[in-house]
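Contents: one structure, followed by commentary.
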Amino acid sequence: MKKLIEIRNLYFGFGHAPLLEDINLDIYEGDYILMMGPNGGGKTTLLKLMMGILKPLKGEMNFHPEIKNRLGYVPQFSDFNRSFPISVMDMVLTGCISSDNYLKRYTSSERDKAEAILKRLNLFEKSMENINSLSGGEVQRLLISRALVADPAVLLLDEPTTSIDQPSQSTLIDLLNDLHKEMTIVIVTHDPTPFAQIYKHVACVNHSLHYHNRGELDAGHLEEVYGCPVELLGHGIPHVLLDRH
Amino acid sequence: MDILSYEFIQNAIIAGILASIACGLIGPFVVSKRMVFISDGLSHTAFGGLGIAYWAGVNPLYGAIGFVLLTAVIIGLFEEKNLYRNDLLIGILWSVGMAIGIIFIYLTPGFAPDLMSFLFGNILTVPRSNIVIISILVCLVLLFITVFYKGFVSITLDEEFSRARGLPVRALNVGLLLLVAVSIVALIQVVGIVLIIALLTIPVAIANELSIRFRTIMLISVLIGALICLGGLAISYFVELPSGAVIILIGGGLLGAVKLLKAAVPR
């Protein structure tokens with residue numbers, strides 16, 4: 001299996017306090033990884049480091065040449081300017097913008113691609129509507145559409161099931177499971193339940209990261225590490241974290 | 001129309017149209033990117049440049065250009081490095097800029113005849129030489145907005161996503177601030193330092209009531225800006241009231257009327 005992302009001895013912090021220490025992680029083609037951990041543990045930060053939004057203090061991040069510029073990013077719901085006056089179609093098109101083409105006009109193939117993705121994600125009939133008229137579930141699909149339009153090989157999502165209702169959540173999970181046939185998926189989440197049937201690994205991040213394959217950890221180990229989070233065991237999900245939890 | 005044969009009226013009309021283009025192109029970014037306070041701070045720091053220019057005996061507009069551009073760069077760099085809280089930095093630059101202006105005007109011998117027109121605006125006193133400067137500034141704004149439109153929209157919509165896509169977010173942010181600064185200089189003589197922020201926001205607020213598309217909002221803002229600038233010019237000429245204040249009041253009245261009309265007309 002192809003190794004797409006390799007993170008070695010990565011450190012990050014704001015000021016003097018280290019937020020992430022000695023992070024090591026390999027992500028392979030076809031992975032479906034849940035990144036879990038307590039608030040403030042650094043899981044979103046790790047995602048942003050992988051996306052290049054933040055710069056590490058030290059350490060290495062290596063990407064397979066095939067995925068250069070092919071990381072799709074779906075930020076948290078509240079991270080973009082929802083009051084900005086823009087149509088659904090135009091916002092999806094902004095996913096095509098990169099350092100190479102931001103001075104050029106959108107091409108017809110980019111527009112065709114955006115249209116096809118909106119159709120696939122059942123948003124095409126809303127393509128001319130303003131983004132602030134969308135429901136929570138529709139916004140989440142819009143953010144995924146924007147990431148997909150750049151043809152990603154790895155899709156990184158930050159809390160995609162937060163702020164959406166149950167039916168929208170089911171639709172979203174079905175969509176992600178469908179997308180997983182074509183790409184590697186990494187999800188930061190508080191709630192692993194919706195992904196229990198499909199995930200391959202769980203990487204729990206709490207300042208440092210420990211990684212284990214599905215089934216590698218047993219309930220006893222988990223209880224020992226967490227001390228209490230027994231409800232997670234109920235889902236039968238093995239973990240990958242977990243220092244200083 | 002004899003009135004149109006006067007050079008000062010021609011200058012005023014041209015200045016009004018140029019100002020409306022500047023505010024229509026930049027205002028939507030100022031409003032959408034929540035840069036209203038930054039823009040207001042920038043416009044007030046122009047007073048420092050005006051004061052120094054008076055003291056040095058050069059065109060006050062040159063002083064304003066230099067000072068506002070310098071302030072925009074300082075804000076852009078400090079913002080990126082998180083060296084100061086944004087509102088704190090702007091508050092400091094705003095007051096320091098004004099203080100420098102007051103000191104230099106005090107040190108300048110004699111009377112500064114058009115100082116009031118810079119502070120409160122007088123579209124009827126814009127000289128032809130300044131029309132040339134304002135034209136160049138507005139052309140620059142038009143050129144840069146056209147070329148960098150996709151980048152500016154991207155950072156206004158989602159700065160973090162833009163960074164993830166590899167866009168030069170820092171450069172684009174500073175670039176947008178510089179364009180705001182240039183637009184402010186273009187607006188100074190029309191409505192004055194004190195009222196500039198109104199011309200950057202009111203036409204956009206009206207346009208926001210009429211459209212949900214960013215490009216259309218820019219276009220409507222230009223048209224609304226021209227309407228209120230030229231309307232204000234006409235009223236201030238015939239009624240002999242301060243033009244800057246009249247322009248802003250027409251804009252405020254128009255916004256109120258559009259809001260009322262929208263509330264009254266069922267969808």
Side-chain angles (χ1 to χ4, degrees), chain A residues 14-15 44-45 47-55 68-107 110 128-133 142-143 146-147 149-150 152 154 156 158, chain B residues 24-25 27-36 80-83 143-173 175-176 201 203-221 267:
Chain A
F14 297 104
T44 292
T45 302
L47 206 66
K48 288 181 180 178
L49 284 162
M50 289 160 69
M51 288 306 307
I53 296 168
L54 298 172
K55 302 291 174 210
K68 189 176 181 293
N69 295 329
R70 291 189 63 204
L71 295 182
Y73 178 53
V74 181
Q76 281 186 33
F77 215 74
S78 55
D79 280 358
F80 75 102
N81 182 357
R82 274 194 81 175
S83 63
F84 188 77
I86 191 169
S87 70
V88 169
M89 170 60 91
D90 285 344
M91 176 147 172
V92 172
L93 279 168
T94 63
C96 301
I97 300 176
S98 71
S99 53
D100 300 330
N101 67 9
Y102 74 100
L103 299 178
K104 299 173 188 162
R105 299 174 77 90
Y106 294 119
T107 63
E110 286 172 338
M128 287 304 128
E129 288 186 21
N130 192 289
I131 55 168
N132 63 25
S133 69
L142 166 65
L143 294 175
R146 182 180 64 166
V149 79
V154 182
L156 301 104
D158 196 355
Chain B
L25 292 175
F29 286 104
V30 168
V31 172
S32 293
K33 211 167 179 333
R34 297 177 173 88
M35 295 165 70
V36 172
E80 184 65 28
K81 294 188 183 301
N82 282 324
L83 292 175
L143 176 71
F144 279 93
I145 288 289
T146 307
V147 172
F148 293 96
Y149 180 79
K150 269 168 74 175
F152 287 145
V153 164
S154 186
I155 61 164
T156 306
L157 175 65
D158 193 338
E159 201 167 297
E160 215 160 63
F161 185 81
S162 305
R163 204 166 267 132
R165 296 290 301 153
L167 263 67
V169 172
R170 181 197 295 192
L172 286 168
N173 267 327
L176 193 55
T201 52
V204 184
I206 295 170
N208 276 334
E209 297 293 330
L210 304 174
S211 176
I212 53 167
R213 297 282 177 275
F214 196 70
R215 276 179 200 273
T216 316
I217 286 170
M218 288 173 104
L219 181 64
I220 295 174
S221 299
R267 293 190 176 196

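To find a chain, count down the sequence lines: A is the first, B the second, and so on, and within it residues start at 1.
- B:Lys150 NZ to A:Tyr106 OH: the interatomic distance, rounded to the nearest 0.5 Å, is 5.0 Å.
- Note that the CD1 atom of A:Ile53 and the CZ atom of B:Arg165 stand 11.5 Å from one another [nearest 0.5 Å].
- Two residues are said to be in side-chain contact when any heavy atoms from C-beta on lie closer than 4.5 Å; B:Phe161 and A:Arg146 meet this criterion.
- Contacts of B:Ile217 with chain A are made by side-chain atoms alone, with heavy-atom separations under 4.5 Å and no backbone atom involved.
- Heavy-atom distances place no part of B:Arg215 under 4.5 Å from chain A, backbone and side chain included.
- Distance check, rounded to the nearest 0.5 Å: CG of B:Asp158 to CG of A:Leu143 gives 8.0 Å.
- Between atom CG of residue A:Asn101 and atom CG of residue B:Leu167 there is a gap of 8.0 Å, rounded to the nearest 0.5 Å.
- With a 6.0 Å radius and a threshold of 12 heavy atoms from other residues, nucleotides or ligands, B:Tyr149 has its OH atom above the threshold.
- How far CZ of B:Phe29 is from CZ of A:Phe84: 6.5 Å, rounded to the nearest 0.5 Å.
- Interface remark: A:Arg82 contributes no atoms to any contact with chain B (heavy atom separation under 4.5 Å).
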Ignoring hydrogens and angles, write down the donor-acceptor pairs under 3.5 Å from the side chains of residues 90-99 of chain A, residues two or more places apart or on other chains.
| residue | atom | partner | partner atom | Å |
| --- | --- | --- | --- | --- |
| A:Asp90 | OD2 | A:Ser87 | OG | 3.4 |
| A:Thr94 | OG1 | A:Met91 | O | 2.5 |
| A:Ser98 | OG | A:Asp100 | N | 3.3 |

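- Minimum interatomic distance between B:Val147 and A:Leu103 (heavy atoms only, all atoms of both residues): O-CD2, 3.6 Å.
- With a 4.5 Å cut-off on side-chain heavy atoms, A:Pro85 and B:Ser32 count as touching.
- Chosen from B:Asn208, B:Leu157, B:Thr216, the residue pairing most often with chain A at heavy-atom distances under 4.5 Å is B:Leu157.
- To the nearest 0.5 Å, atoms CD (B:Glu160) and CZ (A:Phe80) are separated by 13.0 Å.
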